[in-house]
Amino acid sequence: MQTEVDLAKTRNIGLAAHIDAGKTTTTERILFYSGRLHRMGEVDDGDATMDWMPEEMQRGITITSAATTCEWLGHRINIIDTPGHVDFTVEVERTMRVLDGLVLVVCAVGGVQPQTETVWRQADKYDVPRIVFVNKMDRVGGDFHEVLHQMRSRLTPNVVATQIPMGSAEGFEGIVDLINMQSIRWRDELGTEVEYGEIPAEHQNLAAKFREYLIVSLAEINADIEKKFLSEEEPSEAEMIATLREGTINNQLVPVLYGTALKNRGVQPLLNAIVELLPSPLDVRSVQGKDPKSQGVLLRAPDPEEPFAALVFKVVSDSFVGQLFYVRVYSGTIKKGKTVYNATAGTKHRIARILRMHANHREDVEQVWPGDIVAVAGLGDTRTGDTLCDLNDRIILEKIAFPEPVIAMAIEPRTAADEGKLDEALRTLVMEDPTFATRVDHETDQRIIEGMGELHLEIIKDRLLREFKVEANLGKPEVAYKETATAEAVGESRFVRQTGGRGQYGHVVLRVRPAAVGSGLIFESEVRGGAIPTEFIPAVEDGVAEAMASGSVGGYPVVDVAVTVLDGSWHEVDSSDFAFRIAGNQAFADAYSKARPVLLEPIMAVEVVTPEEYMGEVVQDLSKRGANIEEMRATPTQTRTIEALVPLANMFGYSTSLRNLTQGRATHVMEPHSYQAIPDEDSVRSNKQTRRKR
């Protein structure tokens with residue numbers, strides 16, 4: 001069976017970057033030069049193709065990852081443009097899970113920034129091969145030497161330049177290709193007239209040095225190139241590209257390219273590198289999963305003859321189609337109208353439509369193939385991370401792990417008529433966004449929404465009004481505290497209810513102890529001799545999970561504890577799931593209250609870039625906010641970069657404060673770092689009591 005497009009000529013790539021590095025502008029240029037667009041959109045003008053949401057146009061930032069497809073040199077390139085703002089890092093996380101390759105865009109002036117490092121760690125987590133495009137070489141302060149140094153010291157020592165720029169800032173005139181040792185210039189404003197020529201004399205020495213470093217790096221991978229290098233022979237262009245591709249796919253090397261997307265320079269060589277160096281689905285090892293019944297390891301190769309297997313990595317609401325489910329197909333094929341099995345949820349679904357997406361534009365297709373990234377309609381209550389597979393050959397692929405929300409706000413409908421609409425809208429948004437959560441505070445009867453930052457929740461509010469026509473009021477932001485145990489303790493509960501008929505009886509003894517950070521709930525049973533029948537143990541676990549939703553210190557969720565059921569008793573007639581659920585709930589509450597519980601607060605990694613003259617004021621202000629200053633360093637543009645860890649509770653309103661301190665000249669970014677115990681819990685308790693009174 002032949003695939004629709006040769007798999008060897010398919011590239012599934014993402015573009016990722018720190019905010020304002022020029023990632024979406026680079027994507028626009030890729031689409032223009034590949035013929036997908038006939039006019040380049042601009043982020044600043046609000047007409048960038050990939051930033052199609054009204055909130056994106058208004059703010060000039062990418063909020064949601066958008067997929068598209070283009071053609072270059074006979075290759076089909078599936079592209080996902082991801083957000084750079086840390087509040088929307090979930091979009092990068094789930095995109096990284098399904099990519100074969102990554103283009104990391106780095107600003108030539110800003111260099112390696114916090115979100116650059118976050119994206120790099122995400123790519124490492126999923127073992128994604130990558131290339132780097134150093135953008136904005138036309139900007140004052142752009143320094144390709146400094147950017148290379150930062151990447152080698154803060155990301156990986158394996159970065160290797162395959163180009164060097166000719167000049168910088170207003171003097172940036174093109175690049176030198178170190179593989180074929182020629183200069184590349186662009187002669188028109190649109191960048192469509194590409195001129196190849198001799199390397200100017202003033203750049204020849206530097207080009208020779210960087211080419212030698214490139215050949216040495218390739219010689220460490222390829223023995224033939226090593227022999228030629230030792231014999232002072234020149235490797236061929238084909239040898240260099242093949243070895244560079246091998247090193248890139250195996251994450252032994254990270255090629256670095258240069259240009260300025262805004263001024264239309266350097267994008268065609270980037271497209272060449274994407275098809276020449278990044279892997280096809282055939283170059284990526286078979287995806288691994290588990291048999292839903294035996295839990296044995298299963299593999300699926302990118303072959304249309306293999307059983308169908310795909311991962312749902314994104315769910316969105318579409319005003320025309322309804323809910324759309326973005327899937328990456330790893331093996332097999334499926335046609336519109338056929339039935340697939342959701343192995344994660346244990347449900348069957350008929351594929352209503354298959355759509356190839358170009359941002360928010362849709363193109364119907366009849367069939368999907370291995371390596372495809374498409375949107376599917378008709379999957380019911382399928383969630384992000386679910387596995388779709390063949391009805392008769394079932395597999396569950398590894399799920400995607402998402403960070404916990406760190407900020408919360410109360411939300412209420414403005415009118416009684418909006419109440420039902422608000423509940424339905426929030427349910428839809430929770431399905432779409434795994435880092436967005438909603439709950440009811442039973443002490444205040446308020447709806448609480450939780451997210452990754454103030455901007456995240458602000459966007460949620462905008463979407464409620466625009467998409468769902470729901471008007472809502474948001475309260476002031478509050479920290480999403482958590483609780484945990486710091487000691488081991490045993491608790492016991494005997495739940496007995498006697499009514500006129502059958503009674504209720506459940507008796508549970510359990511132990512609570514601290515668990516590793518990020519482990520959530522570890523539940524196990526050591527009950528012996530049938531003290532509690534096996535069928536009632538899940539009910540005990542349900543009761544424990546319910547109790548963990550509200551801890552004894554401040555009523556916040558309990559995390560990272562290990563619970564072991566030790567003993568108990570039951571009654572042949574009166575025992576039930578209900579009774580053991582209540583007994584488990586109360587036994588946990590008893591043990592947890594004795595396990596020296598503490599409050600945990602989110603600590604944020606903050607980076608501030610400020611002109612040197614405001615350095616003292618900025619550091620002093622951070623210190624007042626309880627910051628732990630980790631590093632201060634100079635940058636090439638006469639500014640200072642400050643890196644600090646600060647409690648989130650002390651950072652509300654920081655943007656306004658920083659703007660006032662520096663006359664609007666400083667910038668900052670903030671992302672979740674960790675949860676840490678609060679030294680002084682009295683302030684948090686009083687805050688909780690104040691909320692209860694309201």
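Small disclaimer: the values here were computed from a predicted structure and weren't measured.
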Counting C-beta onward and ignoring hydrogens, is there a side-chain heavy-atom pair between [X] and [Y] closer than 4.5 Å?
X: Met632; Y: Val619; value: yes
X: Tyr33; Y: Leu270; value: no
X: Ile215; Y: Pro235; value: yes
X: Thr192; Y: Phe32; value: yes
X: Tyr654; Y: Leu622; value: yes
X: His145; Y: Leu206; value: yes

May I ask you to decide if [Y]'s main-chain N or O and [X]'s side chain share a donor-acceptor pair within less than 3.5 Å?
X: Arg211; Y: Met181; value: no
X: Asp188; Y: Glu193; value: yes
X: Ser34; Y: Trp72; value: no
X: Arg265; Y: Leu262; value: no
X: Arg97; Y: Glu398; value: yes
X: Glu617; Y: Thr662; value: no
X: Gln182; Y: Tyr196; value: no
X: Glu306; Y: Tyr330; value: no

Is it possible for you to check whether Arg154 lies under 6.0 Å from the centre of the six-membered ring of Trp120, through NZ or CZ, and within 45° of that ring's axis?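 Relative to the ring axis of Trp120, which defines the angle, Arg154 lies outside at least one limit.
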Against the six-membered ring of Phe133, is Arg29 placed for a cation-pi contact (under 6.0 Å from the centre, within 45° of the normal)?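 Cation-pi check for Arg29 and Phe133: fails.
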Minimum-distance pair of heavy atoms, taken over all atoms of [X] and [Y]:
X: Asn78; Y: Ile373; result: ND2-N, 4.2 Å
X: Gly74; Y: Glu71; result: C-OE1, 4.5 Å
X: Pro281; Y: Pro302; result: O-CG, 3.4 Å
X: Val105; Y: Ala17; result: O-CB, 3.1 Å
X: Pro279; Y: Val284; result: CB-CG2, 4.2 Å
X: Leu7; Y: Ser280; result: O-CB, 3.3 Å

Evaluate whether atom [atom1] of [X] has more than 12 neighbouring non-hydrogen atoms of other residues, nucleotides or ligands under 6.0 angstrom away.
X: Gln663; atom1: CD; value: no
X: Asn205; atom1: CG; value: no
X: Glu198; atom1: CD; value: no
X: Glu212; atom1: CD; value: no

Would you please test Ile79 and Cys70 for side chain to side chain contact (heavy atoms under 4.5 Å, CB included) and show each step? CA-CA 8 Å; Ile79 303 172; Cys70 67; 3.8 Å; yes
At what distance, to the nearest 0.5 angstrom, does [atom1] of [X] lie from [atom2] of [Y]?
X: Ile175; Y: His203; atom1: CD1; atom2: NE2; value: 12.0 Å
X: Trp186; Y: Thr260; atom1: CH2; atom2: OG1; value: 10.5 Å
X: Ile30; Y: Thr25; atom1: CD1; atom2: OG1; value: 11.0 Å
X: Ile274; Y: Ile13; atom1: CD1; atom2: CD1; value: 3.5 Å
X: Leu645; Y: Ile603; atom1: CG; atom2: CD1; value: 7.5 Å
X: Leu661; Y: Gln620; atom1: CG; atom2: CD; value: 9.0 Å

Please table the atom pairs, donor to acceptor, closer than 3.5 Å between any side-chain atom in residues 239-253 and protein atoms at least two apart or in another chain.
{"unit_1": "Glu239", "atom_1": "OE1", "unit_2": "Lys228", "atom_2": "NZ", "d": "2.7"}
{"unit_1": "Glu239", "atom_1": "OE1", "unit_2": "Ser236", "atom_2": "N", "d": "3.0"}
{"unit_1": "Glu239", "atom_1": "OE1", "unit_2": "Ser236", "atom_2": "OG", "d": "3.4"}
{"unit_1": "Glu239", "atom_1": "OE2", "unit_2": "Lys228", "atom_2": "NZ", "d": "3.3"}
{"unit_1": "Thr243", "atom_1": "OG1", "unit_2": "Asn222", "atom_2": "ND2", "d": "3.0"}
{"unit_1": "Thr243", "atom_1": "OG1", "unit_2": "Glu239", "atom_2": "O", "d": "2.8"}
{"unit_1": "Arg245", "atom_1": "NH1", "unit_2": "Glu276", "atom_2": "O", "d": "3.3"}
{"unit_1": "Arg245", "atom_1": "NH1", "unit_2": "Leu278", "atom_2": "O", "d": "2.9"}
{"unit_1": "Arg245", "atom_1": "NH2", "unit_2": "Asp283", "atom_2": "OD2", "d": "2.4"}
{"unit_1": "Thr248", "atom_1": "OG1", "unit_2": "Leu244", "atom_2": "O", "d": "2.7"}
{"unit_1": "Asn250", "atom_1": "ND2", "unit_2": "Glu246", "atom_2": "O", "d": "3.1"}
{"unit_1": "Asn251", "atom_1": "ND2", "unit_2": "Asp127", "atom_2": "OD1", "d": "2.9"}

Kindly determine whether Glu117 and Leu155 satisfy side chain to side chain contact (heavy atoms under 4.5 Å, CB included), including the steps that lead there. CA-CA 7 Å; Glu117 295 183 82; Leu155 301 179; 4.0 Å; yes
Going by atom type alone, with no hydrogens or angles, which donor-acceptor pairs under 3.5 Å involve a side-chain atom of residues 160-171 and a protein atom two or more places apart or on another chain?
{"unit_1": "Thr162", "atom_1": "OG1", "unit_2": "Val256", "atom_2": "O", "d": "3.3"}
{"unit_1": "Gln163", "atom_1": "OE1", "unit_2": "Tyr258", "atom_2": "N", "d": "2.9"}

So Arg633 and Glu146, salt bridge (Lys or Arg N to Asp or Glu O under 4.0 Å) or not? Walk me through it. CA-CA 13 Å; Arg633 63 179 184 275; Glu146 175 62 22; over 6 Å; no
Determine, step by step, whether Arg130 and Asp124 satisfy the side chain to side chain contact (heavy atoms under 4.5 Å, CB included) criterion, reporting the C-alpha distance in whole Å, the side-chain angles of both residues, the deciding distance to 0.1 Å, and the verdict. CA-CA 10 Å; Arg130 66 216 77 162; Asp124 281 342; 2.9 Å; yes
Name of the residue among Thr10, Thr69, Leu31, Val275 meeting side-chain contact (heavy atoms from CB on, under 4.5 Å) with Ile77: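 Filter result, single survivor: Val275.
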Before you tell me yes or no, could you show the steps for His456 and Thr435 under side chain to side chain contact (heavy atoms under 4.5 Å, CB included), namely the whole-Å CA-CA distance, both residues' side-chain angles and the distance that decides it to 0.1 Å? CA-CA 10 Å; His456 187 193; Thr435 60; 3.4 Å; yes
Report the C-alpha distance between Arg328 and Asp100 in whole Å, list the side-chain angles of each, state the deciding distance to 0.1 Å, and finish with yes or no for salt bridge (Lys or Arg N to Asp or Glu O under 4.0 Å). CA-CA 11 Å; Arg328 160 68 194 264; Asp100 296 331; 3.1 Å; yes
